[in-house]
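First comes the structure, then the notes that go with it.
Sequence positions, counted from 1, serve as the residue numbers for this chain. Please read these numbers as outputs of a predicted model, since none were measured by experiment.
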Amino acid sequence: MRTKRYTFLPFIFIMLVLTLVLGACGMPAGGATTNPSAVVTIVAAENFYGDIARQVGGSHVSVTSILSDPNVDPHQYESSVRDSLTVGQANIVIENGEGYDSWMDKLLAASPNGNRIVLVGSTIAGTKLPDNPHVWYDVHNMIMVAQAIDASLKKIDAAHAASYDQNLQTFVQSTAQIIQKMDEIKGKFAGTPVGLTEDIYLYQALPMGLNVLTPLEFQKAVAEGNDPPANTVVTANNQITQRHIKVLIYNEQTITPITTNLQKAAQQQHIPIVGVTETMPAGKTYQQWMLDQLAALEKAL
């Protein structure tokens, strides 16, 4: 059984360290820039939010993403003193919310700042599935996040408003490729039965019209780090061994003995397996990440 493990340093200790570091650097902890030539400091809990902030902000922002390793299970992340210092110096903080990165809420509470802007992806998102925090897998949600980043940057740094607006427009135009690819897959493969090891991919599978057969209780249990109900494990296995599904979509960052068994069963049945990740692989933009996974899925289908 996978468990979530978050650590949090005492409030007083963190605040003492922040005060010393910020004072030594001569940096304001507030959200507004005092120098028009200074960059806006942005901290993102996850690297996909950080990437979009970088695309919208361009050369006028400095972005740090705390979760950036696709080989690490985000649910088991443990915050550190360095994270506390980074968040304490931020003008803008972006988190996902919905319990996905609750450690960020604790870091924010440890360095209260009335000038800092906090953007919560799951609050901004226009499309939200019940009890499913993975809103960034819906490209329309990410367009709304980009718009919120643009508005926040202009509030802090009005001098570069035109640049932010232009970068936002470029980002929005580039996401059209993702929407087009999803429409193409829907046109060719709507109704195709597929299996999911976790509910992260529902944000794309459902709009593309794919018929997800894996019990939702199974998907949610795996996503939350719990053992799925025994009957759902039997159902998920039978769907593979009896070849009821055409593709197994596998979350590479949420691996348990149960999901590994499903993967092995799919391999034995020669059912294509498409890996997806929760955080963005290194060297890619959000758009490239989504398009590469969609291309792999289309090939498998």
Side-chain angles (χ1 to χ4, degrees), residues 2 4 6 44-53 65-77 94-105 119-146 148-149 175 178-179 181-182 185 194-210 212 214-226 228 236 247-256 259 262 274-281 284-294 296-297:
R2 188 190 61 190
K4 298 182 180 180
Y6 304 123
E46 295 84 18
N47 64 351
F48 40 84
Y49 288 127
D51 176 66
I52 292 177
S65 297
I66 295 179
L67 287 182
S68 58
D69 187 348
N71 297 314
V72 173
D73 185 344
H75 299 277
Q76 296 186 9
Y77 181 73
I94 310 171
E95 63 174 332
N96 187 71
E98 288 288 313
Y100 185 80
D101 43 17
S102 56
W103 49 268
M104 178 60 85
D105 295 326
L119 301 177
V120 182
S122 60
T123 300
I124 297 168
T127 299
K128 288 183 280 190
L129 298 176
D131 300 319
N132 191 329
H134 309 100
V135 295
W136 64 91
Y137 258 82
D138 186 305
V139 65
H140 300 287
N141 287 341
M142 294 304 265
I143 290 174
M144 297 178 72
V145 169
I149 293 171
T175 60
I178 302 173
I179 298 170
K181 178 55 65 176
M182 291 181 65
I185 292 175
V194 300
L196 305 182
T197 61
E198 196 196 296
D199 62 355
I200 183 173
Y201 206 71
L202 288 177
Y203 278 99
Q204 290 190 6
L206 297 180
M208 289 188 292
L210 300 179
V212 179
T214 311
L216 185 59
E217 295 86 352
F218 179 97
Q219 300 175 48
K220 287 187 176 298
V222 173
E224 295 169 0
N226 300 321
V247 174
L248 176 65
I249 301 172
Y250 187 89
N251 186 342
E252 296 178 352
Q253 286 176 261
T254 307
I255 300 174
T256 70
T259 61
L262 289 184
V274 176
V276 299
T277 58
E278 295 195 38
T279 50
M280 189 175 65
K284 294 185 179 181
T285 63
Y286 172 79
Q287 300 94 306
Q288 292 168 339
W289 176 34
M290 293 292 108
L291 285 170
D292 287 350
Q293 291 186 162
L294 287 168
L297 175 61

Are the side chain of Tyr250 and the backbone N or O of Leu262 linked by a donor-acceptor pair below 3.5 Å?
-> no

Using atom types as modelled and distance alone, determine if a side-chain donor or acceptor of Asn96 lies under 3.5 Å from a backbone N or O of Gly121.
-> no

Determine yes or no for a side-chain-to-main-chain donor-acceptor pair under 3.5 angstrom, with Asp101 supplying the side chain and Met104 the backbone.
-> no

Give a yes or no answer on whether the side chain of Lys128 reaches the backbone of Ser122 with a donor-acceptor pair at less than 3.5 Å.
-> yes

Hey, is the main chain of Leu196 close enough, under 3.5 Å, to the side chain of Gln219 for a donor-acceptor pair?
-> no

Which atom pair, heavy atoms only, marks the closest approach of Pro228 to Val222?
-> CG-CG2, 3.9 Å

Please report the closest heavy-atom contact between His134 and Tyr203, naming both atoms and the distance.
-> O-CD1, 3.1 Å

CD on Glu46 to CG on Leu67, rounded to 0.5 Å | 5.5 Å

Would you say Trp136 and Val145 make side-chain contact, with heavy atoms under 4.5 Å?
-> no

Could you walk me through whether Thr214 and Thr197 pass side-chain contact (heavy atoms from CB on, under 4.5 Å), step by step?
-> CA-CA 8 Å; Thr214 311; Thr197 61; over 6 Å; no

Relative to each other, are the rings of Tyr137 and Tyr201 parallel, tilted or perpendicular (30° and 60° limits)?
-> perpendicular

How close do Ala44 and Gly50 get, heavy atom to heavy atom, and via which atoms?
-> CB-N, 3.4 Å

To the nearest 0.5 angstrom, please state how far the CD1 atom of Ile124 sits from the CD1 atom of Ile94.
-> 8.0 Å

Would you call Val274 and Gln293 a side-chain contact if the rule is heavy atoms closer than 4.5 Å?
-> no

Parallel under 30°, tilted from 30 to 60°, perpendicular over 60°: which one fits the rings of Phe48 and Trp289?
-> parallel

Where is the tightest heavy-atom contact between Met182 and Pro207, given as atom of each residue plus distance?
-> CE-CB, 4.0 Å

In this structure, OG1 of Thr254 is separated from CD1 of Ile200 (nearest 0.5 Å) by 7.0 Å

Could you give the distance from OG1 (Thr127) to CG (Asn141), rounded to the nearest 0.5 Å?
-> 5.0 Å

Taking Lys220 for the side chain and Asp131 for the main chain, is one N or O donor matched with an acceptor at less than 3.5 Å?
-> yes

Exactly one candidate in Ile249, Leu294, Leu297, Val139 meets side-chain contact (heavy atoms from CB on, under 4.5 Å) with Gln204; the answer is Leu294

Specify the closest pair of heavy atoms between Met144 and Ala125, including all atoms of both residues, with the distance to one decimal.
-> SD-C, 4.3 Å

Drop me the distance from Asn47's CG to Glu278's CD, to the nearest 0.5 angstrom.
-> 11.5 Å

For the residue pair Ala223 and Glu198, what are the closest heavy atoms and their distance?
-> CB-CG, 3.2 Å

State the CG-CD1 distance between Leu119 and Ile52, to the nearest 0.5 angstrom.
-> 11.5 Å

Sort out for me which residue in Leu202, Val247, Val194 forms a side-chain contact (heavy atoms from CB on, under 4.5 Å) with Leu210.
-> Val194

Look at the side chain of Thr277 and the backbone N and O of Met280, then say whether any donor-acceptor pair between them is shorter than 3.5 Å.
-> no

